[in-house]
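Here is the structure we will look at.
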Amino acid sequence: MRAILDGKTVEFEMGTAWKDLVEGQQALGVSVQGRTLSLATAAQDGVQAHVLTYHDEEGRRIYERTLQMVFLAAANRIIPGRRVRFEHSFGEGLFVRLPKTTVTRQLVARLEREMREIVEADMPIPMTACTKEEANAYFAETGQTDKLRLLRYRSFENFRFYELEGLKEYFYGEMAPSTGCVKVFQLRLYLPGVLLRMPHEQTPEKVAPFRDMPKLMRTFGETGRFNGMIGCENAADINEMIERRSFREFIRVCEALHERTIENIADQIVRSGARVVLIAGPSSSGKTTFAHRLSIALRVLGLRPMKLSLDDYYRDRADLPLEEDGRPDLERLDALDVPLLDEHLVRLLQGEAVEAPEFDFVRGVRAEKTHTLRVAADQPIVIEGIHGLNDALTESVPRELKFKIYISALTMLNLDDHNRIRTTDARLLRRIVRDYQFRGTRPEDTMLMWPSVRRGEENYIFPYQEEADAMFNSALPYELPILKRYAYPMLCEIGPEKECYTLARRLVKFLNYIRAADVEDEIPIDSILREFIGGCCFYRETD
């Protein structure tokens, strides 16, 4: 039997596992026709396969899931029966909460020692198939009610467990074949939980340097407490609200929290005396709608905010820096005429009038037409854009005159305690829906652009997020059942011949556990979500 493995022909006997064909390659899995497979899977005759390592997104996800399994096994040794919840990413790692367990340095050290012992033993992590009924019996016996409740919404009768030291676990994705594949990690006490730290994708041989982000962590914590207070931590909570017909009230509560948070930020701006409000965040965070709602909140407080568009300060297309593929790189700071913007801000803050440029995106050049701008003392300048938190954008404006806001959709809803829904995946769903609805972009094209978008975020947004004076979590706990109605049918149509099939399948897989909800008439016309599904009161849907 033969297969093509990363361009090379390999021969093997029937029943040979992929792990026996990729020795010495630091492999974590294989990709075959867009499907991510475990290395324990038998190789197939005549297929083309790609070895997944830590440099691949799917490889890193396998690594993370396997480390989670090792953590659970270590916890089962030390604190058996205690709840473990993997909550959200934090830098190059995961924040893990241990509810009703006192987390100390001693406990963290013991957990890490046990994890290292398990990893050094290179224990196999076999996968066994069973029925849904058998899985339910196991989860009932072990008191895992989160999984029991979720499995009610699983439409497939077949099920599979991964096993380690007698511990059975279900993860929504593939695992490494043995514990020895995940040797690089570190545990760190980070109250009220633990950080499970991992390598950076470019340096898989060592744990990534620790970078504290207390403001971001506080925002996650506030969202987690709110979700716990309203009884919405896992997907089953949402599904049951839909069944009980209490979902509409839930929408109103979530929107009220957004409104109150925006009002609090407006209060902070007024107290600060800032004249320039800078808003930045990753793609599909809802920056535009947030800027509109913040402006309204400021008007209620007696100010008359004026929005300044960074788009008009782009350099001519011929002068733009280029990406590796030769396309203009619109996300670099020097794609903007920063000196002109800086000069205009300084003059505006001193009461002068300026002739602001207008950019012609059809021709890719600055138009000859300009428009006159002047601001009064009660008119803060609101600037929304990717570089808003970088002081190099507004270098001549004194820091005390600037108020910086970081906005992101920080999803805190899990499928269950051990399977989180990634913020990145939730934002991508928003973008798929918006791009298809209002930009005529096919889902597969949006997904193909996503890695480039993510690189821009890593380079130009995330390094500056702790510079913010305020953070706004634009995620809405109710949004996935709404987005599913739009995205799910389109994602299901993407076949294995498409380059983005792996990503589409991953999104479909977790959406299978989310019930769709037809309650859009309940969503306010100024909601962040309206920016993606339509019906927003702030701008025409064709804009």
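Here, residue 1 is the first one in the sequence, and each next residue gets the next number.
- A heavy-atom distance below 4.5 Å is found between the side chains of Glu444 and Cys500.
- Residue Arg211 qualifies as enclosed at atom CZ: its count of foreign heavy atoms under 6.0 Å is above 12.
- In this structure, Arg197 forms no cation-pi arrangement with Phe185, as its terminal cationic atom is not both closer than 6.0 Å to the ring centre and no more than 45° off the ring axis.
- Seen from the ring of Phe290, Lys287 does not count as a face-on cation partner, given the 6.0 Å and 45° thresholds.
- When ring centroids are compared, Tyr486 and Tyr436 stay outside the 6.0 Å threshold.
- In this structure a side-chain-to-backbone donor-acceptor pair under 3.5 Å is present from Arg430 to Ser284.
- For Arg431 (side chain) and Thr446 (main-chain N/O), no donor-acceptor pair under 3.5 Å exists by modelled atom type.
- Between Tyr513 and Tyr172, the ring planes are perpendicular. Angles over 60° get that label, and only those under 30° would be called parallel.
- Atom CD1 of Ile525 has 12 or fewer neighbouring heavy atoms from other residues, nucleotides or ligands inside a 6.0 Å radius.
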- request: Before giving the answer on side chain to side chain donor-acceptor pair (under 3.5 Å), spell out for Ser527 and Glu255 the whole-Å C-alpha distance, their side-chain angles and the decisive distance to 0.1 Å.
  value: CA-CA 7 Å; Ser527 171; Glu255 290 291 347; 2.6 Å; yes
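- Among residue pairs with one or both ends in residues 385-407, those qualifying as ring-ring contact (aromatic ring centres under 6.0 Å, His included) are His387-Tyr460; sequence neighbours excluded.
- Counted by atom type alone, Tyr464 and Asp391 present zero donor-acceptor pairs between their side chains at under 3.5 Å.
- Formation of a donor-acceptor pair under 3.5 Å by the Lys404 side chain with backbone atoms of Glu467 is not found in this model.
- With hydrogens and angles left out, the side-chain atoms of His55 and Glu201 include no donor and acceptor closer than 3.5 Å.
- Between the side chains of Ser283 and Glu457, no donor-acceptor pair of N or O atoms lies under 3.5 Å.
- In this structure, the side chains of Tyr314 and Asp360 stay at 4.5 Å or more apart for every pair of heavy atoms.
- Note: Leu216 CG to Leu410 CG = 6.0 Å, rounded to the nearest 0.5 Å.
- Between the Arg315 side chain and the Asp319 main chain, no donor and acceptor come within less than 3.5 Å of each other.
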* **Audit row: Asp417, Arg83, salt bridge (charged side-chain N to carboxylate O under 4.0 Å, His left out) steps and yes/no** => CA-CA 8 Å; Asp417 282 353; Arg83 185 183 176 195; 2.7 Å; yes
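- Considering Val375, Ile383, Val354 as possible partners of Leu345, the one that fulfils the side-chain contact (heavy atoms from CB on, under 4.5 Å) test is Ile383.
- Two residues are said to be in side-chain contact when any heavy atoms from C-beta on lie closer than 4.5 Å; Asp267 and Val270 fail this criterion.
- Here the side chain of Asp435 pairs no donor or acceptor atom with the backbone of Gly440 at under 3.5 angstrom.
- Among residues two or more places apart in sequence or in another chain, the ring-ring contact (aromatic ring centres under 6.0 Å, His included) test is passed with Phe220 by His88.
- Residues Arg248 and Asp521 are paired through a salt bridge, judged by an N-O separation under 4.0 Å between the basic side chain and the carboxylate.
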Would Glu259 and Arg293 satisfy salt bridge (charged side-chain N to carboxylate O under 4.0 Å, His left out), going step by step from the backbone distance to the final call? CA-CA 8 Å; Glu259 188 65 25; Arg293 288 178 65 173; 2.7 Å; yes
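- Between Arg422 and Glu64, at least one side-chain nitrogen of the basic residue sits less than 4.0 Å from a carboxylate oxygen of the acidic one, meeting the salt-bridge criterion.
- Test Ile381, Val276, Leu348 against Val397 for side-chain contact (heavy atoms from CB on, under 4.5 Å) and you get one pass: Val276.
- The distance from the CD1 atom of Ile432 to the CG atom of Leu491 is 5.0 Å, given to the nearest 0.5 Å.
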**Item:** Criterion salt bridge (charged side-chain N to carboxylate O under 4.0 Å, His left out) on Arg252 and Glu522, from CA distance to verdict
**Value:** CA-CA 8 Å; Arg252 293 192 286 270; Glu522 194 67 59; 2.9 Å; yes
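- Considering only heavy atoms from C-beta on, Ile405 stays 4.5 Å or farther from Met471 through its side chain.
- For Glu395, the CD atom sits in a loose shell: 12 or fewer heavy atoms of surrounding residues, nucleotides or ligands are nearer than 6.0 Å.
- The backbone N or O of Lys215 sits less than 3.5 Å from a side-chain atom of Glu466, completing a donor-acceptor pair.
- Residues Val96 and Glu87 form no side-chain contact, since every pair of their non-hydrogen atoms from C-beta on lies 4.5 Å or further apart.
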* To do: Show your working on side chain to side chain donor-acceptor pair (under 3.5 Å) between Ser295 and Lys307 and close with a plain yes or no.
  => CA-CA 9 Å; Ser295 295; Lys307 186 176 180 182; over 6 Å; no
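- Close placement of the Tyr190 and Phe90 rings is indicated, their centers lying within 6.0 Å of each other.
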| Are Val108 and Arg105 close enough, and set up right, to give a side chain to side chain contact (heavy atoms under 4.5 Å, CB included), and what steps lead you there? | CA-CA 5 Å; Val108 173; Arg105 291 190 184 279; 5.7 Å; no
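- Partners of Asp311 by side-chain hydrogen bond (donor to acceptor under 3.5 Å, both in side chains), not counting sequence neighbours: none found.
- No more than 12 heavy atoms of other residues, nucleotides or ligands lie within 6.0 Å of CD in Glu249, so this atom counts as exposed by the packing criterion.
- Annotation for Glu499: atom CD does not count as buried by contact number, only 12 or fewer foreign heavy atoms lying within 6.0 Å.
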Does Arg420 form a side chain to side chain donor-acceptor pair (under 3.5 Å) with Asn234? I'd like the steps, not just the answer. CA-CA 9 Å; Arg420 66 191 180 95; Asn234 293 329; over 6 Å; no
